[in-house]
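Please read the structure below before turning to the comments.
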Amino acid sequence: QAKAQGKNTFRFFDAELQAVLAGRAALEADLRQSISRRQLLLHFQPQVDAQGRVLGAEALLRWQHPQRGLVPPGAFIPEAEQCGFVLELGQWVLDTACRTLAAWARHPHCSGLDLSVNVSALQLRDAHFVDDVLDTLRRHGADPRRLKLELTESLLAENVEDTIAKMSQLRAAGVGFSLDDFGTGYSSLNYLRRLPLEELKIDRSFVNDMLGDPNGAVIARTIVALGQTFGLQVIAEGVETPEQRDALLKMGCRRFQGFLFGRPVDQASFERLPQSLAAIPS
Ligand code: C2E
Ligand code: MG
Ligand code: MG
Ligand code: MG
């Protein structure tokens with residue numbers, strides 16, 4: 001009896017697994033067509049200072065699929081990383097971001113804005129990464145000092161020396177680096193000191209917990225202090241309420257990103273945003 005059940009369970013699992021694998025294969029096949037079919041786009045979310053003045057934006061990838069709808073990056077970046085397509089996706093993102101930066105340089109009220117771009121650890125590991133970034137900036141005539149690359153702590157899992165060397169080359173050209181989702185990974189303070197970073201980004205989960213859970217507040221405060229110690233800017237992501245913004249301000253955080261100030265929007269909508277978002281109610 002037990003054996004028969006086990007067999008059935010196995011068959012059931014097998015069918016489930018097969019469906020999952022087929023779904024993933026279909027997604028991957030579709031994803032590989034997304035660039036040529038012009039289904040990718042960037043949304044832009046404002047980043048503001050303590051007065052609510054817009055300093056720049058984070059570029060966030062979206063996939064507009066005819067049947068699947070607007071697919072968020074969490075639903076396809078992991079697959080793209082697994083099948084290697086993330087390198088092509090990443091190049092598309094860089095290209096589009098640099099084109100946007102060049103356009104903003106000529107725009108009446110976007111000329112001073114920075115643009116943050118998310119970079120997968122796999123991209124950074126690619127031997128051509130540094131040249132690709134510099135070529136892309138040059139091709140569009142974009143100012144490297146306006147570009148900030150957001151990395152996650154996962155890139156510290158291996159080959160730290162290579163990572164530092166590549167970051168330093170780009171840093172020398174003016175490109176900035178931010179450590180995204182900070183506090184959720186496994187940064188050693190020793191690496192943190194050696195990476196040529198300009199910014200730490202407090203992960204959304206700590207901002208979210210900050211007012212209810214004392215541990216969230218302690219972590220946020222610690223990250224702000226760490227940034228001050230290492231001479232890094234600190235930005236909080238996922239700021240949704242004025243209370244969160246005020247608590248972060250009190251800790252010494254001077255940069256904010258989150259729904260309180262603006263959701264990610266398409267480029268035209270972003271360019272129409274007021275230059276100061278301090279008065280936006282939650
Ligand atoms: P991330 O880089 O940490 O981006 C912040 C995410 O938080 C975005 O989700 C953004 O829409 C969301 N967010 C911003 N403010 C708030 C808020 O106040 N409340 C809440 N609940 N959420 C907020 P999104 O756009 O779905 O992106 C998810 C992740 O996908 C990103 O996390 C990033 O890791 C990855 N990603 C996005 N674009 C790219 C890309 O071009 N390349 C790579 N490699 N990864 C990307
Ligand atoms: Mg990011
Ligand atoms: Mg800069
Ligand atoms: Mg983040």
Side-chain angles (χ1 to χ4, degrees), residues 31 34-35 39-48 56-64 69-100 114-126 129 132-133 136 147-155 176-185 187 197 199-211 220 223 233-245 248 255-267 269-270 277 280-282:
L31 191 54
S34 63
I35 295 178
Q39 293 168 343
L40 298 179
L41 67 155
L42 292 182
H43 276 182
F44 298 86
Q45 186 179 30
Q47 299 183 333
V48 305
E58 177 174 8
L60 293 158
L61 185 57
R62 302 288 183 259
W63 178 19
Q64 183 66 67
L70 192 64
V71 190
F76 65 90
I77 294 275
E79 276 74 11
E81 287 185 325
Q82 221 153 42
C83 73
F85 188 63
V86 76
L87 294 183
E88 279 163 78
L89 271 188
Q91 183 52 47
W92 184 90
V93 170
L94 263 174
D95 195 66
T96 307
C98 288
R99 183 179 308 122
T100 302
D114 286 341
L115 188 55
S116 293
V117 171
N118 294 285
V119 167
S120 157
L122 288 176
Q123 287 176 265
L124 202 74
R125 217 176 290 159
D126 187 77
F129 182 69
D132 286 349
V133 173
T136 307
L147 180 66
K148 196 181 289 174
L149 301 181
E150 294 197 358
L151 310 173
T152 58
E153 293 163 275
S154 64
L155 69 98
F177 288 93
S178 179
L179 203 51
D180 203 355
D181 305 336
F182 187 67
T184 60
S187 277
L197 292 169
E199 183 183 84
L200 297 179
K201 203 164 188 185
I202 304 174
D203 188 64
R204 197 169 80 213
S205 60
F206 306 127
V207 175
N208 193 50
D209 289 349
M210 217 172 45
L211 299 174
I223 295 174
Q233 306 273 7
V234 176
I235 183 166
E237 71 178 2
V239 182
E240 295 183 352
T241 69
E243 291 75 20
Q244 289 169 344
R245 191 254 328 261
L248 286 158
R255 294 179 176 215
F256 309 94
Q257 179 182 341
F259 294 169
L260 175 64
F261 302 99
R263 289 178 180 263
V265 290
D266 63 68
Q267 187 178 339
S269 306
F270 179 82
L277 299 170
I280 298 248
S282 57

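All figures in this text were calculated on a predicted structure; none of them were measured in a lab. Just follow the structure's listing: the first ligand is 1, and inside any ligand the first atom is 1.
Of the inter-residue distances, the one linking Lys148 atom NZ with Ile235 atom CD1 reads 6.5 Å to the nearest 0.5 angstrom. Here Ile77 contributes atom CD1 and Glu81 contributes atom CD; the two are 6.5 Å apart, rounded to the nearest 0.5 Å. Interatomic distance, Gln47 CD to Gln257 CD, rounded to the nearest 0.5 Å: 4.5 Å. Atom CD of Glu150 and atom CG of Asp181 lie 8.0 Å apart (nearest 0.5 Å). Atom CZ of Arg62 sits about 8.0 Å away from atom CG of Leu41, to the nearest 0.5 Å.
Residues Ala59 and Val117 come closest through the heavy atom pair CB-CG2, 4.5 Å. For Ala220 against Ile202, the heavy-atom pair with the smallest separation is O-CD1, 4.1 Å.
For the 3.5 Å distance criterion, the side chains of Ser34 and Gln39 fail to qualify, holding no donor opposite an acceptor.
Closer than 4.0 angstrom to ligand 1 lie heavy atoms from Gln45, Glu58, Leu60, Leu61, Arg62, Pro73, Ile77, Val93, Asn118, Ser120, Glu150, Asp180, Asp181, Arg204, Glu237, Gly238, Val239, Glu240, Gly258, Phe259, Pro264.
Here 4 is the count of protein N, O or S atoms positioned under 2.8 Å from the Mg ion (ligand 2), waters not counted.
The aromatic rings of Phe76 and Trp63 stand perpendicular to each other, their planes meeting at an angle above 60°, with 30° marking the opposite boundary.
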